[in-house]
Structures are given as structure tokens and as C-alpha cells.
Amino acid sequence: MGVHHSHAHGHNHGHGHSHGHGHSHGHGHGHAPAGDFGWAFAIGTLLNLGFVLIEGTWGFWTGSIALVADAGHNLTDVAGLVIAWIASGLARRSPSARFTYGLSAASILAALANALMLMAAIVVIAAESVRQFVDPAPVPGLTVMIVAGIGIVINLGTALLFARGRHGDINIRGAFLHMAADAAVSAGVVAAGAILLLTGAWWVDPLVGLVIAAVILWSGWGLFRESVAMALHGVPAGIDPVAVEAMLAAQPGVARVHDLHIWPMSTTEAALTAHLVMPDGHPGDDFLLALQHRLAHDHRIGHMTVQVETGTGTECRLHGGHR
């Protein structure tokens, strides 16, 4: 994670301990900021919205729950793309007096909203598939195959737009996973259409609807779990809090670490606050800058605030013994 500009401050106070603050605002290190993907969001949204209209219309016209379910799945992804796109724009807004970190946390809300929509889509598609089992209707297999085949091309093309950034941002990964899963689902619908065409087995259509619901659950559960954890300020995936604490404790002059907190500021940035007990006093700005650099490059934590204490016992009174 690159440190483009940084600040380190040391302030000595009369009550026997000092505070060091370091902030770094670089985010490279394999991260692809969502701002680079505006064109991908635009193209993906337009392509998929057009396809949803075509697939939904044909699905209702032919009575195919597989096509309707696939269109519903695609529609949740279009909504997810739009939400992630808006969030990526908000994340680039400058900090203000009220929103001192800026609006980068909007990307976490977007990921959570996206995951919740996926869960809602599962319920609707599964319910409609069960209803189709109870009240079956004939479905034209060739039409299903042609429409779903178009879906494979559009979904694969959209997934490739996001492939480059899928390792750096949960929202970009969410977009990539959704589109890749949609391509797989559309392939399943093509296969179902072929079986319908060759055998006339009506039950294949609602069965594919249930399979689609299962695919959405499989592809979306990780996104749901991680976005909920981020919304609850859990330590971001990929950061080991035990390793971070051990690294801080191993720094020269550090006797003890307490009140360590690591949380996500957005889907790509993490922040840390910690109290370092250093009996020999404040180590100076060079120590803070080196620590900041280590956190950014070794642990992908770009924003650091450290409080240095001399260990005279005041920290226990101040913090109630919290870790």
C-alpha cells in the first residue's frame, strides 16, 4: 500500500503521556480503486438492463420460470451495479467538517445492500419455482435456449470488465462474482431449454429455477457475511489482528500494547488506533513514520493513530482496563 503523503505528530501533555498520530492516505498494494471502474459500471449496467427487459418479457410471454428467475437474478445484479457505482463516486468525495473521513464508508453500505438484495431474490425465485411444480405449464425449449444464450455472452463480457479489480475491492469482487455466476446460470438455462426441447419434461424448468436460487445463495453468501462484518466494524478480511498486535509489541521501546482497534473505513481502506506503553518516553516522529510505513505495506492498514504512554498507571484509569 503506497504512502503518498503522511503526517506524524508528537504532542507532550502535562499528565505524563504523549500522543503520536500518523495518517497515510495511499492505497495501492494491489488495490484497484473503484473510481477506475466507472466505465465498466456504465457498460455493465446498460448491457444487463437491456437484457433483463428482453429476458423478463420472453419469460412471462412463454411462461418459463427459468427465464423469469434468470431475469430476476440479473435485475438484482443491475441494481447492485448501480449501487456500487454510486458508492464508488461517493467514496471519492473529499472529507468535510461533518464527515471527517469523507464518504468512503458508502462502499460498505453498498456491499451490504447488494448482498441483501441477493438474499431477497433467492426467496422470490424459490417460491415461484415451487409454485410452478404445483401448477406446471408448457414451456417452449428453443426460445429459452436462444434468450439464455444471449445472456451467457452479455454476462461473461460484463464479468471480464471487472476481472482486473476483483482482488482489491469487495464491491468490484461482488460485481465480478455476480456476472460470472449469471453466465453459469444462463448456461444452465440453455441446458434446461435443450432438455425441454428434446424430451418435453416440464419439471426441468422449475427445477432450474431452484438451482438458480441455490447458485445465488452459494455465490452471495460470502459477500453477505463479509459486508455484514464490515458494517459492524469487524477487522477486514486479509488483516490478522494477532499479527498486527505482535508487530506493534515487538517495536523497540514498546513494553505493552492495549486498546488496539482495527476497522474498515471503506471496502478498500482500513484504519488502526492503538496505545503503546513506552517507559522511556515518546520515541520521536521517525518511529511513527516507520511504524506507519510498516502497517501500510505489511498489513494493508493505511490510516494509523497511535497514543504513546509512559506506563505511569494513568492509562488504566483513563480506559477502564479495556484491551
Side-chain angles (χ1 to χ4, degrees), residues 1 27 29-38 40-41 44-45 48 72-93 99 101-126 155 158-159 161-182 184-185 212-241 261-272 299-303:
M1 183 174 283
H27 32 139
H29 215 62
H31 288 230
D36 294 347
F37 288 86
F41 281 122
T45 299
N48 282 273
H73 186 198
N74 279 293
L75 185 59
T76 63
D77 288 345
V78 169
L81 282 175
V82 171
I83 289 172
W85 189 7
I86 292 169
S88 73
L90 290 175
R92 294 194 302 275
R93 294 279 290 274
F99 298 98
Y101 277 131
L103 298 175
S104 57
S107 58
I108 296 174
L109 296 179
L112 184 58
N114 204 344
L116 289 173
M117 281 193 304
L118 281 178
M119 297 302 117
I122 291 168
V123 174
V124 172
I125 292 168
N155 287 317
T158 309
L161 295 177
F162 294 103
R164 178 168 58 89
R166 69 185 186 278
H167 299 301
D169 183 344
I170 188 177
N171 270 320
I172 302 298
R173 191 171 89 237
F176 173 80
L177 282 174
H178 289 179
M179 294 305 150
D182 283 353
V185 167
I212 289 173
V215 168
I216 301 172
L217 181 62
W218 177 79
S219 65
W221 183 250
L223 178 71
F224 177 74
R225 192 174 57 189
E226 191 173 341
S227 59
V228 168
M230 281 187 163
L232 294 174
H233 284 179
V235 176
I239 296 176
D240 182 353
H261 300 285
I262 304 167
W263 71 97
M265 294 175 58
S266 71
T267 51
T268 58
E269 299 172 286
L272 169 147
H299 300 282
R300 294 166 50 197
I301 298 172
H303 298 259

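FYI, side chains are in, hydrogens and waters are out, and symmetry mates aren't considered; it's all heavy atoms of this structure. The first residue in the sequence is number 1, and the count goes up from there.
Here Leu272 contributes atom CG and Ile301 contributes atom CD1; the two are 5.0 Å apart, rounded to the nearest 0.5 Å. Here the CD atom belonging to Glu269 is positioned 10.0 Å from the OH atom belonging to Tyr101, to the nearest 0.5 angstrom. In this structure, CD1 on Ile122 lies 13.0 Å from CH2 on Trp218, to the nearest 0.5 angstrom.
Taking every heavy atom of both residues into account, Ala270 and Arg300 meet most closely at CB-O, 4.0 Å. Pairing each heavy atom of Ala159 with each of Phe176, the nearest pair is O-CD1, 3.2 Å. Contact detail for Val185 and Ile212: the closest heavy-atom pair is CG1-CG1, 3.2 Å. Nearest heavy-atom pair across Ile108 and Met265 is CD1-C, 4.2 Å. A pairwise comparison of heavy atoms in Val235 and Pro241 identifies CG1-CD, 4.1 Å as the closest pair.
Counted by atom type alone, Ser104 and Ser266 present zero donor-acceptor pairs between their side chains at under 3.5 Å.
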Begin with the C-alpha distance, continue with both residues' side-chain angles, and end with the deciding distance and a verdict on side-chain contact (heavy atoms from CB on, under 4.5 Å) for Leu232 and Val228. CA-CA 6 Å; Leu232 294 174; Val228 168; 3.9 Å; yes

Apply side-chain contact (heavy atoms from CB on, under 4.5 Å) to Leu217 and Met119, showing your working. CA-CA 7 Å; Leu217 181 62; Met119 297 302 117; 4.2 Å; yes

Between Leu118 and Phe224, is the side-chain contact (heavy atoms from CB on, under 4.5 Å) condition met? List the steps. CA-CA 9 Å; Leu118 281 178; Phe224 177 74; over 6 Å; no

Does Thr158 form a side-chain hydrogen bond (donor to acceptor under 3.5 Å, both in side chains) with Asn48? I'd like the steps, not just the answer. CA-CA 8 Å; Thr158 309; Asn48 282 273; 3.1 Å; yes

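Looking only at distances, a side-chain donor or acceptor of Ser107 sits under 3.5 Å from a matching main-chain atom of Thr267.
Side chains of Ser227 and Asn114 form no contact here, defined as non-hydrogen atoms less than 4.5 Å apart. With a 4.5 Å cut-off on side-chain heavy atoms, Asn155 and Asn74 count as touching.
Aromatic ring orientation, Phe162 versus Phe41: tilted (interplanar angle from 30° to 60°).
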